[in-house]
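What follows is a single structure, written as structure tokens, with notes after it.
Every number for a ligand or one of its atoms is a count from 1 in the order of the listing.
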Amino acid sequence: MTDPLLALRPWDAPEVTSWGRLPMNAVDRRAGAHSLDGGWRFQLLSAPHAPVGGAWSTATVPGAWTMQDTDDLPQYLNVRMPFAEFPPRSPAEDNPTGVYEREIDVPAGWAGRRIVLQVGAAESVLLVHVDGRPVGVSKDSHLAAEFELTGFVRPGGRAVLRLTVVKWSDASHLEDQDHWWHGGITRSVLLYTTDPLYLADVDVRAGRDGELRVDCRVRDAGGALPAGWYLDGELDGLALAQDTAFDRANAEDERVSAFLGEARLRTRVPEVRPWTAETPELYGLTVRLHRADGTVADTSRHRIGFRDVEVVGRDLLINGERVYIRGVNRHDFHPLTGRTVSYDDLRADLVLLKRFGFNAIRTAHYPGDPALYDLADELGFYVVDEADIESHDHAHEIADDPRHLNAFVDRVSRMVLRDKNHPSVIIWSLGNESDYGANHDAAAGWVRRHDPSRPLQYEGAAKRGWADPEVASDIACPMYAPLEDCVAHALSGEQTKPLIQCEYSHAMGNSNGTLADHWAAIEATPGLQGGFIWEFWDHGILQSVNDGRPVGRGGAGLYDNGVAAPGYRWAYGGDFGEKDHDGAFVADGVVFPDRTPKPVMYEHRELAAPLRLELFRHEGLVVSNHQHFRGLDWLTGTWELVLADGRTLTAAAELPALLPGETAVVPFPLALPQDGGEAWLTLRVTTAKDLAWAPRGTEVCTPQVLLRAAAPVPGPAATGPVEVDADGLLVHPLLTAAPTLSLWRAPTDNDELGGMAPRWRAWGLDALVRKVVSVRREGPSVTVLAEYAGTTGVVRHRQVLTPVEGGVRIDERAELPAEFDDVARVGTVFETVAGLELLEWFGQGPWESYPDRSGGAPVGHHALPVDASFTPYLRPQESGGRHGVRRFTLSAPDATGLAVALDEPRQVSVTRYRAEDLTAVAHHDELVPRAGCVVHLDAAHRGLGTASCGPDTFPSYLVAPGVHRWNWTLRVL
Ligand code: IPT
């Protein structure tokens with residue numbers, strides 16, 4: 001007989017969102033549940049109707065089968081669907097279908113109880129059978145599905161549980177998010193039991209005034225509720241009793257139902273400690289359901305926070321304060337499992353974000369694992385909770401198609417029902433990139449009625465008009481909007497809603513230029529409140545280079561510091577042999593696939609600094625508390641006085657007691673020596689005690705002020721002759737390639753996708769042809785005139801080489817023709833002999849920095865092995881730059897080497913790769929380091945911007961045509 005679930009063909013039925021599935025609720029059943037995680041019998045069929053009957057293998061649950069031992073591998077596509085069928089159809093023949101099976105032993109002690117199966121997440125259609133009998137169907141790949149098994153299993157007996165997961169369906173058209181496609185059961189599976197009389201839902205509202213309202217729903221498996229049930233509870237030891245006024249009113253209005261129990265607990269907590277992301281104060285709430293005889297039938301435990309969120313005018317207020325939203329978009333990702341993340345993984349993600357100053361997460365683009373919200377409550381994050389709806393490829397056709405109406409409302413309402421009690425959730429999001437239609441408005445209507453306590457946002461609706469009161473978005477939440485448009489809107493007098501970008505500052509490769517400019521504008525412009533960086537992860541899957549397969553769970557230890565071990569690599573789109581793919585666009589996060597922070601994280605940390613330091617007319621130092629809700633007592637610090645002559649003097653810092661927004665003048669901690677040249681004062685701020693997310697002593701920020709500018713130093717006197725060859729190229733014992741002009745950098749993802757690199761190639765900047773025009777000796781100096789010809793223009797270049805004590809001074813001038821109106825760099829490149837391994841510099845650092853991404857890299861005396869100064873972006877590109885370098889040395893272990901002094905702070909990079917080495921390969925592991933160093937020092941270097949998806953850098957960070965002058969001195973150590 002045909003199985004009725006298969007006969008229904010739910011994978012091609014958009015109206016069917018579930019069958020036999022229990023309603024979503026906020027009662028947490030994880031504690032005390034019976035886990036079904038582990039190895040299951042597994043078969044991968046070619047399509048849902050293909051017969052089961054082949055050999056069984058074993059699959060780990062939770063875990064995508066695409067990351068385990070099957071031939072169905074991950075595929076990365078951004079917007080395009082992975083199959084050709086139009087919605088709501090899925091491929092008739094080629095539709096991988098995983099059949100998971102295992103026995104369950106049902107304890108005898110469960111007799112008389114309700115038995116419930118919970119499947120944490122399955123992509124994209126789940127069919128449940130017990131002993132061959134159909135139990136239910138579910139869609140909505142990132143939320144749990146529950147089914148009552150009571151009538152299907154026998155306590156004391158054994159049953160066969162089968163979960164069939166169909167990969168492609170009508171639902172796939174609503175799950176067209178920009179990440180890897182996988183298949184399988186990606187979150188935990190468990191069984192739990194309850195008394196027949198049980199808590200069906202608990203709805204908690206807790207305001208910053210201490211008002212607590214707990215609304216409960218009670219049901220009985222038998223249908224009719226037994227007489228005499230009642231509720232009580234407690235909040236951190238404070239007893240809570242049932243709200244009798246509510247019961248009386250219900251009775252008077254004859255609303256009391258025979259089968260739906262409703263009861264409320266009410267209290268007002270005196271002197272409540274409010275919850276905010278800075279002060280994540282949680283209270284333990286227990287709700288107990290009693291039978292008439294006083295025995296406990298069911299219990300629900302919650303960690304709750306008292307807080308208000310409201311939109312007032314164009315401000316989003318948390319507890320009455322206009323907070324900055326320093327957010328990031330976070331996908332579920334892990335390099336070994338693809339999608340499945342453990343509690344420890346989630347905790348590590350959030351701890352890292354906390355350490356780098358983030359205070360908000362958008363769950364892009366589907367609800368996260370329940371543990372994510374527990375952790376956000378506990379560690380302190382504002383969460384934009386986003387429903388699992390992205391119909392990107394067919395957005396317009398789906399948004400108004402009534403066949404998908406159920407799915408929209410189902411997905412949004414299930415998220416709200418599950419997550420409503422989390423203080424961290426401050427905004428509901430209807431999804432992503434799905435155009436805007438009646439289906440959205442239907443879902444919005446449901447949310448507004450069910451939870452008026454939180455605002456709602458949807459980028460697709462906001463796009464219709466940032467100030468439009470009619471659209472389903474309380475927030476103006478654009479993506480990648482030009483900063484000037486945001487500022488103009490805020491200044492227009494037309495703004496009606498807070499402007500918080502749902503995505504901005506696209507982090508693909510070496511990126512996130514102008515982040516500091518964005519924050520300067522946000523903090524200076526009422527109406528602008530922040531945004532969510534795109535995104536947290538570089539989704540590189542650990543792959544064995546030999547066989548091209550994902551390594552899977554066994555790969556722990558096969559990577560370190562952002563780099564895969566030899567023989568392995570971080571796979572991106574196309575690396576699993578996908579015919580259609582979107583390449584490295586999936587590697588666009590602020591952390592590497594192993595969670596190693598990219599350099600932008602340090603800039604973000606500084607932009608989010610809880611305290612600011614300024615110099616007040618050279619009379620004193622102004623410290624201000626830049627937080628919204630707490631003092632500075634969780635912080636301590638050390639002053640560092642950095643002198644150009646190489647000294648760094650330190651003193652312990654005592655931070656002033658300041659309320660949020662307050663400012664104090666503090667005396668200079670260290671006397672500034674008369675000598676020593678350029679001087680900077682850094683306040684190295686660390687945590688003063690152990691916190692949930694950082695041990696004591698963790699660095700929080702390093703604000704810095706300039707105390708004394710560099711005075712011009714007279715150039716050293718000329719000495720003996722300088723040697724150049726017939727082409728006018730410097731001959732030097734430590735250089736294997738003489739200093740020449742460079743206008744090219746290995747294009748970043750922004751340079752490529754933003755269209756700059758194609759233009760540079762068209763101009764021939766990657767292969768300039770040098771022709772010496774003249775070599776003239778004048779006294780001890782040699783003047784070399786050369787022309788560097790591209791395909792469309794010629795750059796005239798002059799080097800004056802003058803011998804000085806222990807080395808040579810090089811004065812350079814380059815004149816760019818008008819047609820080279822936007823180049824990557826103007827500067828010098830040379831190469832050194834092998835063996836110079838240590839880079840020490842005076843300038844900004846220690847991490848990589850660029851002209852438009854240099855905050856958080858204080859001026860100091862820094863040292864790094866040359867190899868460690870390189871940033872291993874997944875697709876090799878310009879990297880390893882250091883901004884504001886005044887001088888540097890490159891030395892061998894025996895302290896021999898070379899020293900370079902620059903006329904003024906310049907962009908410098910020292911790597912083992914020529915720009916063409918970086919452009920020649922597609923993955924980091926294919927790079928072969930040169931023995932010597934490739935040194936770039938630039939008179940001007942173009943900003944990074946974010947043009948791979950969003951605005952380019954600002955005009956002030958472009959390299960202009962015309963004349964550039966710079967000079968530098970090269971000495972032997
Ligand atoms: C935007 C998407 O929302 C996000 O998922 C991701 O694709 C990001 O861009 C780029 O990485 S949509 C884009 C077409 C603006």
Discussion item. Is it the case that the side chain of E459 and the backbone of C477 share a donor-acceptor pair, with hydrogens and angles ignored and the cut-off at 3.5 Å?
Written reply: no

Going by atom types alone, do [X] and [Y] pair a side-chain donor with an acceptor below 3.5 Å?
{"X": "E386", "Y": "H365", "result": "yes"}
{"X": "D451", "Y": "W428", "result": "yes"}
{"X": "Y572", "Y": "D582", "result": "no"}
{"X": "D388", "Y": "H142", "result": "yes"}

How far is [atom] from its nearest protein heavy atom, and which residue and atom name does that atom have?
{"atom": "atom 1 (C) of ligand 1", "value": "E503 OE1, 3.0 Å"}
{"atom": "atom 7 (O) of ligand 1", "value": "D178 OD2, 2.4 Å"}
{"atom": "atom 8 (C) of ligand 1", "value": "Y480 OH, 3.2 Å"}

Requested in this report: Verify the ring-centre separation between W570 and Y559: is it less than 6.0 angstrom?
Outcome: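 Yes, they do, as the ring centres are separated by less than 6.0 Å.
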
In terms of atom number and element, which parts of ligand 1 are under 4.0 angstrom from non-hydrogen atoms of [X]?
{"X": "H506", "value": "10 (C), 11 (O)"}
{"X": "N78", "value": "7 (O)"}
{"X": "N432", "value": "2 (C), 3 (O), 5 (O)"}
{"X": "C949", "value": "9 (O), 10 (C), 15 (C)"}
{"X": "D588", "value": "11 (O)"}
{"X": "M479", "value": "1 (C), 3 (O), 12 (S), 15 (C)"}
{"X": "F585", "value": "10 (C), 11 (O)"}

Got C486 and L528 here, is their nearest side-chain heavy-atom distance under 4.5 Å?
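C486 vs L528: side chains touch.
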
Inset, instruction - With salt bridge (Lys or Arg N to Asp or Glu O under 4.0 Å) as the test, would you mind laying out the steps for K167 and D72 before giving the verdict? - result: CA-CA 10 Å; K167 185 171 175 181; D72 185 30; 2.9 Å; yes

Of the backbone atoms (N, CA, C, O) and the side-chain heavy atoms from C-beta on, which set of H365 has a member under 4.0 Å from an atom of ligand 1: side chain, backbone, both, or neither?
->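 Within the 4.0 Å criterion, H365 contacts ligand 1 through side-chain atoms alone.
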
### Task
Look at atom 12 (S) of ligand 1 and find which of H179, E433, E535 reaches it with the closest heavy atom.
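It is E433 whose heavy atom sits nearest to atom 12 (S) of ligand 1.
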
